[in-house]
Amino acid sequence: MNRTDTVIGVDIGGTNTVFGLVDQAGKVHHRHLVPTKRYPKPRELFSKILDTILLRNRSSDDPFNIKGIGIGAPNANYYSKSIENPPNLPWGVVDVAGIVRSLIDIPLALTNDANAAALGEMRFGAARGMKNFVEITLGTGLGSGIVINGELVYGHDGYAGEIGHTVVDIHGRQCGCGKKGCLETYCSAGGLCRTVHELLCNETAPSALRHITFADLTSKKVFDAACDGDFIAKMAFAKTGRILGQALADTVAHLSPEAVVLFGGLAAAGEMILDPVKEHFEQSVFHVFRGNVRIIPSRLPADDSAILGAGALIWHEISSKDEN
């Protein structure tokens with residue numbers, strides 16, 4: 001009997017780690033979730049992931065052929081195959097390749113979550129058929145994955161694509177990276193909430209958001225208020241979209257992509273964020289790109305996007321080797 005080829009896709013987050021098997025059509029099998037911090041030592045986490053997947057696969061009536069493992073993680077370095085001092089996890093530098101290969105002998109690829117999302121988009125989502133595009137992940141922070149000529153851009157050290165830490169205001173908001181005015185301090189879930197509180201201080205318009213403390217405010221609450229016509233919430237989305245659109249105009253001038261794909265929780269606001277982004281992008285972009293670059297939402301299913309991205313990473317590696 002011919003077994004269906006799959007890869008293991010793993011997304012490591014500061015709170016939860018999700019993983020499963022991904023086939024070549026982008027279907028996820030045997031998905032699981034475990035709390036990351038339940039396993040304080042990285043080797044314990046990877047042992048749990050592999051034990052769970054392999055046991056589930058062996059006990060299946062129709063087991064899969066597992067061809068590799070792709071891992072998306074914060075501060076992951078594609079070249080060294082290590083995770084280096086990830087935020088929210090007390091791991092230091094982790095030799096992921098060494099740990100995983102001591103547990104299972106299959107091809108491995110590792111990168112950060114934004115790069116994995118870009119490959120997931122190219123293989124299974126909105127960027128199918130594209131060879132030049134930029135993926136912008138709008139979550140707690142702002143990440144990005146750059147694809148040129150069908151390949152991710154890693155740079156000489158593995159850290160290319162930190163668009164979230166380009167500066168949009170040198171005297172602006174303090175960023176967790178130590179700089180001031182980074183794009184992600186304005187165009188992220190946290191940035192949107194900071195904008196709301198600034199507007200509440202500077203505007204006198206009534207708003208349902210005035211009764212929510214900063215600690216309790218979320219981008220979802222801002223979105224819900226905006227949908228109800230809240231003036232402050234709508235202004236916050238308009239300002240966020242303006243800043244992001246202007247920043248993307250610079251990105252496009254550098255890279256000349258076919259499209260920019262917006263992914264993540266904040267992108268789920270749909271036209272609320274897309275409309276001002278597109279408007280200010282077209283106003284700001286160099287004229288040769290005007291009307292030629294699409295800004296589009298992700299088409300990866302939200303529940304499986306992280307696993308699909310990690311799976312696409314290793315599928316891409318395997319496909320590239322087969323072609324060579």
Answer yes if [X] and [Y] sit in the same cluster of Ile, Leu, Val, Met, Phe, Trp and Tyr residues linked by side chain heavy atoms under 4.5 Å apart, and no otherwise.
X: Phe289; Y: Leu262; result: yes
X: Phe46; Y: Ile53; result: yes
X: Val288; Y: Leu255; result: yes
X: Ile314; Y: Ile12; result: no
X: Ile296; Y: Leu142; result: no

On a heavy-atom basis, which atom in [X] and which in [Y] lie closest, and how many Å separate them?
X: Gly164; Y: Cys182; answer: O-CB, 3.5 Å
X: Val196; Y: Ala236; answer: CG2-CB, 3.6 Å
X: Glu135; Y: Ala117; answer: OE2-O, 3.7 Å
X: Pro86; Y: Pro74; answer: CB-O, 3.8 Å
X: Val293; Y: Pro257; answer: CG2-O, 3.5 Å
X: Ala205; Y: Ile232; answer: O-CG1, 4.3 Å

If you count the non-hydrogen atoms of other residues, nucleotides and ligands that lie under 6.0 Å from [atom1] in [X], is the total more than 12?
X: Glu271; atom1: CD; answer: no
X: Lys179; atom1: NZ; answer: yes
X: Lys234; atom1: NZ; answer: no

**Report entry** Derivation of the side chain to side chain contact (heavy atoms under 4.5 Å, CB included) call for His316 and Ser319
**Finding:** CA-CA 5 Å; His316 186 72; Ser319 298; 5.8 Å; no
Working to the nearest 0.5 Å, report the span between [atom1] of [X] and [atom2] of [Y].
X: Tyr159; Y: Asn112; atom1: OH; atom2: CG; result: 9.0 Å
X: Thr251; Y: Ile146; atom1: OG1; atom2: CD1; result: 7.5 Å
X: Leu183; Y: Thr166; atom1: CG; atom2: OG1; result: 5.0 Å
X: Leu33; Y: Thr52; atom1: CG; atom2: OG1; result: 11.5 Å
X: Ile273; Y: Leu266; atom1: CD1; atom2: CG; result: 5.0 Å
X: Ser207; Y: Asp230; atom1: OG; atom2: CG; result: 3.5 Å

Report task. Evaluate the criterion side chain to side chain contact (heavy atoms under 4.5 Å, CB included) for residue pair Ile136 and Val134; output intermediate values, then yes/no. Result -> CA-CA 6 Å; Ile136 300 292; Val134 179; 3.8 Å; yes
Determine whether a donor-acceptor pair (N or O, by modelled atom type, separation under 3.5 Å) exists between the side chain of [X] and the backbone of [Y].
X: Ser284; Y: Ala249; value: no
X: His32; Y: His30; value: yes
X: Ser102; Y: Ile99; value: yes
X: Thr137; Y: Phe263; value: no
X: Thr36; Y: Thr17; value: yes
X: Arg290; Y: Val285; value: yes

Heavy-atom side-chain proximity of [X] to [Y] below 4.5 angstrom:
X: Arg3; Y: Phe64; answer: no
X: Phe281; Y: Ile295; answer: yes
X: Met130; Y: Arg294; answer: yes
X: Ile106; Y: Ile66; answer: yes
X: Val22; Y: Thr6; answer: no
X: Val100; Y: Leu110; answer: no
X: Gln174; Y: Thr185; answer: no
X: Asp169; Y: Lys180; answer: no

Taking atom types as modelled and ignoring hydrogens, do the side chains of [X] and [Y] form a donor-acceptor contact shorter than 3.5 angstrom?
X: Ser82; Y: Asn77; answer: no
X: Ser80; Y: Glu84; answer: yes
X: Thr213; Y: Asp216; answer: yes
X: Ser298; Y: Glu121; answer: yes
X: Asn85; Y: Asn75; answer: no

Report task. May I have the step-by-step check of side chain to side chain donor-acceptor pair (under 3.5 Å) for Thr195 and Arg173, ending in yes or no? Result -> CA-CA 10 Å; Thr195 297; Arg173 298 171 180 174; 2.8 Å; yes
Query raised in the report: Any ion pair linking Asp224 and Lys220 (charged N to carboxylate O, less than 4.0 Å)?
Result: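 Salt bridge present between Lys220 and Asp224.
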**Report entry** Qualifying salt bridge (charged side-chain N to carboxylate O under 4.0 Å, His left out) pairs, either residue in residues 297-312, two or more places apart
**Finding:** Arg31-Asp304
Report task. Assess Lys239 against Phe237: is NZ or CZ under 6.0 Å from the centre of the six-membered ring, and within 45 degrees of the ring's axis? Result -> no
Report task. Verify side chain to side chain contact (heavy atoms under 4.5 Å, CB included) between Leu300 and Phe124, making sure each step is shown before the conclusion. Result -> CA-CA 7 Å; Leu300 292 176; Phe124 305 123; 4.0 Å; yes
Report task. Tell me, with the steps shown, if Lys67 and Asn65 meet side chain to side chain contact (heavy atoms under 4.5 Å, CB included). Result -> CA-CA 6 Å; Lys67 295 178 64 72; Asn65 179 36; 3.9 Å; yes
